[in-house]
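Note that the structure is a prediction, hence the values are computed from the model and not measured. The chains referred to below are lettered A, B, ... by the order of the sequence lines, with proteins before strands, and numbering in each begins at 1.
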Amino acid sequence: MIAKVIVDVANSKTDRSYDYLIPDEWTSFIEKGMRVIVPFNNRNVQGFVVDLEEHSTVPNLKKIKKFVDMSPVLTGELLDLGFWLSEAALCFKITALQAMLPVALKARYKKQLERVQADMLPKEVNDLFQKNDLIDWDEVIKLPAGLLKQIQKLIKAGAMKMVTEIKDRTTSKTIKVVKPAMGKNDLLKEIETLTPRAKKQKEILEWFLVHFAEIPSNELLMKLHATRSTLKALINKQILVENDRKIYRDPYEAASFKQTEPLALTDIQQKAIQPILSSVENSEQEIFLLHGVTGSGKTEIYLQSIQSVLEKGKEAIMLVPEISLTPQIVQRFKERFGSDVAVLHSGLSAGEKYDEWLKIHRKEVKVVVGARSAIFAPFENIGMIIIDEEHESSYKQEENPRYHARDVAEWRSKYHQCPLILGSATPSLESYARSQKNVYHLSELTERIHSQSMPEVMIVDMREELREGNRSIFSRILIEKIKEKLDRKEQCVLFLNRRGYSTFIMCRDCGYVAECPHCDISLTYHKNKNTLKCHYCGFEEMAPNRCPDCGSQHIRFFGTGTQKVEEELTKLMPEARIIRMDVDTTSRKGAHEKLLSAFANKQGDILLGTQMIAKGLDFPDVTLVGVIAADTMLNLPDFRAAERTFQLLTQVSGRAGRHKLQGEVIVQSYNPEHYSIQLASGHNYTSFYLTEMKARKAHAYPPYYYLTLITVSHPELMKVIAVAEKITSRLKKELSNKAIVLGPAASVIPRIKDRYRYQCMIKYKNEPNLFHALKSILNQYENELGNSGLQIVIDSNPYMLM
DNA sequence: AGCACGCCGACT
DNA sequence: GTCGGCGTGCTC
């Protein structure tokens with residue numbers, strides 16, 4: 001038998017399957033989707049079996065060396081999906097296949113030096129090997145040059161050789177468990193022969209007499225207040241045996257979840273869920289766009305839809321944006337579906353993710369709640385896929401394979417003939433446009449449950465404040481309102497989309513601006529450490545107190561970040577308890593949850609944060625939401641700037657007054673008349689959609705046109721320009737005259753990490769040649785891509801134009 | 001990617 | 001005459 005294997009060598013020349021002979025003893029064992037280890041050009045690499053065949057046309061096949069899995073890690077469906085994905089995202093097949101598995105399953109290669117004939121080695125070389133016949137290559141590299149030379153010769157002579165060992169990164173957590181080494185009758189006899197002084201030993205054995213089962217050692221010792229030494233005595237006497245047992249890490253172990261029952265749906269919810277349920281009933285592949293204002297009860301619709309899927313014996317995938325994978329959402333799923341749920345998000349360690357993935361693989365769960373990559377959950381009988389907050393940019397992966405979870409979800413829903421639900425209070429223009437063309441089935445939830453009204457939104461013109469002499473970052477009305485809420489023991493959420501203290505520092509005498517030495521971007525001042533940081537490459541240096549250029553001491557800090565807001569707020573209201581949430585305060589594991597639960601327990605009056613506090617949070621006592629600078633995003637050079645601003649303002653405002661108390665929102669802006677700010681404050685999605693669509697049409701942007709962005713980067717500017725120009729002119733030649741090819745132009749950030757960056761953008765409607773043109777461009781530069789430091793990134797349907 | 005092969009300059 | 005630098009090409 002022949003196995004077709006995709007090897008773990010990410011390169012365009014090796015981007016295909018290779019045939020290998022399956023050793024006779026494994027012919028009935030090796031299956032599609034398993035990982036194997038194969039010899040490949042004088043070394044061993046890992047690969048995926050993607051097909052099995054009787055015969056091969058290739059002479060002199062090599063044999064599969066080892067198998068890695070006892071059962072396939074990729075289903076037939078996922079293999080097909082991987083091939084589709086590698087085409088859609090223009091990446092190597094192996095890259096696509098690996099993206100579908102938890103990182104823990106990615107092969108790790110360890111090079112070693114093996115001793116073949118000890119008697120041929122001189123003493124000083126033999127001494128390097130102690131008991132083992134292998135030395136890690138990392139150790140070999142450190143040896144003195146003289147010794148290396150000898151080793152080189154010995155390798156040539158065949159006395160030693162280089163080998164690669166391949167390992168998973170799976171580390172299983174084990175615990176010690178203990179059980180009787182004999183039957184009940186013998187156990188009884190042993191108890192009788194114990195000396196009267198061995199009171200604790202007797203207690204332990206009596207426990208086993210009653211329970212007669214394996215138990216974690218620690219648990220047993222805790223229960224009986226015994227110590228390890230007592231247990232050890234019994235193990236030594238071979239009355240009990242102790243073993244290591246692999247256990248799952250359960251990130252949510254400590255939390256206990258009360259089971260909840262489905263809530264009664266309002267009439268509006270009922271109307272929205274009906275078509276979904278009938279689609280589940282008839283196993284129809286339909287895509288629903290669930291457009292529901294914040295607080296309209298979308299989650300309950302998800303839960304009940306999934307319930308109906310489970311009742312049919314099928315599985316469900318629910319995607320949520322990374323940032324909103326707060327305990328709140330997880331809790332609602334765990335409460336409803338108990339241990340049927342696996343949770344996958346980036347806050348978990350590689351081992352924890354692997355364990356959650358294993359639960360799916362072993363069919364121990366029926367529901368997955370997770371971020372983007374959870375769309376690859378290895379279910380085989382999917383009855384529904386849900387993407388909550390479908391407009392979120394975190395569904396687009398910004399590295400290879402550059403896929404959008406929505407596209408993968410559509411593919412899988414077609415494969416399984418099941419409904420796909422896209423939910424959002426502010427759908428992406430692409431999705432809403434499809435619903436207008438009846439490609440998607442639109443369901444609207446226009447009212448909040450319990451008919452709370454939408455919060456009152458007030459726009460404050462900050463230019464006016466400035467004119468009236470208020471130079472603070474807070475408007476007078478915002479300060480007044482915060483104080484009012486504090487007096488009433490209610491809570492506030494303040495939002496600012498910028499971390500750090502100041503966005504840039506400038507010398508007032510000579511105009512010097514501190515910039516990153518590796519990127520063309522100004523450095524952000526972080527006050528707590530008194531450093532300047534680059535938010536793109538991580539560069540950090542001490543902040544100067546004199547201008548490095550002219551020596552002046554007049555250095556001023558411009559722009560406002562969360563740190564500065566926190567400081568100003570403390571000055572104005574020393575009594576307020578502020579919880580700040582941004583990348584800098586949540587980098588440690590679990591910090592996110594800790595800060596949120598502190599706020600939920602009212603250990604804080606004001607929650608101040610960036611992006612990450614905009615979504616999904618639901619705190620009953622929050623009655624004021626303040627947006628400190630609504631225009632920060634509006635001024636970005638991105639065609640989605642208005643859409644993002646509208647979405648963010650709507651999401652943030654949705655945090656206020658979700659329960660009994662009426663909410664208020666204050667939006668500070670320097671562009672108060674901009675339609676995205678005006679329409680967000682009026683909660684008017686439809687008008688925003690229509691206005692924005694006109695702008696998109698006028699400028700030939702999605703959803704009227706598809707986009708593909710090509711970014712060329714290299715340490716030398718001339719090289720970048722030359723390559724970008726060649727690519728652009730080639731595309732202009734090869735594409736139809738209906739395609740718009742723009743560029744080459746310097747990227748918004750012209751240099752990152754010492755690499756210059758140029759871009760070319762393609763706008764098109766129907767361009768069957770595009771795929772081949774792009775592929776041949778990649779092929780043309782392939783040998784330059786690796787060694788000369790040239791990088792070409794092709795992103796179809798980009799979310800980040802930077 | 002990474003390893004072998006092969007071709008040309010520097011050296012015992 | 002050999003050793004070792006790196007460009008080139010192939011991997012079932």
> Does A:Lys765 make a cation-pi contact with A:Tyr705 (under 6.0 Å, within 45 degrees of the axis)?
Replying inline: yes

>> Would A:Arg406 pass as a cation-pi partner of A:Tyr395, given that its NZ or CZ must be under 6.0 Å from the six-membered ring centre and within 45 degrees of the axis?
In response: no

Figure out the [atom1]/[atom2] separation between [X] and [N], and round it to whole Å.
{"X": "A:Asn41", "N": "C:dT11", "atom1": "CG", "atom2": "P", "value": "8 Å"}
{"X": "A:Gln98", "N": "B:dA1", "atom1": "CD", "atom2": "P", "value": "14 Å"}
{"X": "A:Lys110", "N": "B:dG2", "atom1": "NZ", "atom2": "C1'", "value": "20 Å"}
{"X": "A:Asp15", "N": "C:dC12", "atom1": "CG", "atom2": "P", "value": "16 Å"}
{"X": "A:Asp8", "N": "C:dC12", "atom1": "CG", "atom2": "P", "value": "15 Å"}
{"X": "A:Arg43", "N": "C:dC10", "atom1": "CZ", "atom2": "C1'", "value": "11 Å"}
{"X": "A:Arg16", "N": "C:dC12", "atom1": "CZ", "atom2": "C1'", "value": "7 Å"}
{"X": "A:Ile64", "N": "C:dC12", "atom1": "CD1", "atom2": "C1'", "value": "11 Å"}

> Take atom CG in A:Asp119; do more than 12 heavy atoms of anything else shown fall under 6.0 Å from it?
Replying inline: yes

> When rounded to the nearest 0.5 angstrom, what is the spacing between CG in A:Leu128 and CE in A:Met160?
Replying inline: 8.0 Å

Using a 4.0 Å heavy-atom cut-off across all strands, classify [X] as base, sugar-phosphate, or nothing.
{"X": "A:Pro59", "result": "nothing"}
{"X": "A:Tyr20", "result": "sugar-phosphate"}
{"X": "A:Asn42", "result": "sugar-phosphate"}
{"X": "A:Lys111", "result": "sugar-phosphate"}
{"X": "A:Lys4", "result": "nothing"}

>> Set out, in order, the CA-CA distance, both residues' side-chain angles and the distance that settles salt bridge (charged side-chain N to carboxylate O under 4.0 Å, His left out) for A:Glu430 and A:Arg640, then state yes or no.
In response: CA-CA 11 Å; A:Glu430 286 91 331; A:Arg640 272 185 254 260; 2.8 Å; yes

> Which nucleotide sits closest to the side chain of A:Val9: B:dC3, C:dC12, B:dA1?
Replying inline: B:dA1

> Out of B:dA1, C:dC12, B:dC3, which has the shortest distance to the side chain of A:Val58?
Replying inline: C:dC12

> Looking at A:Lys62, does any N or O in its side chain come under 4.0 Å of the phosphate oxygens OP1/OP2 on C:dC12?
Replying inline: yes

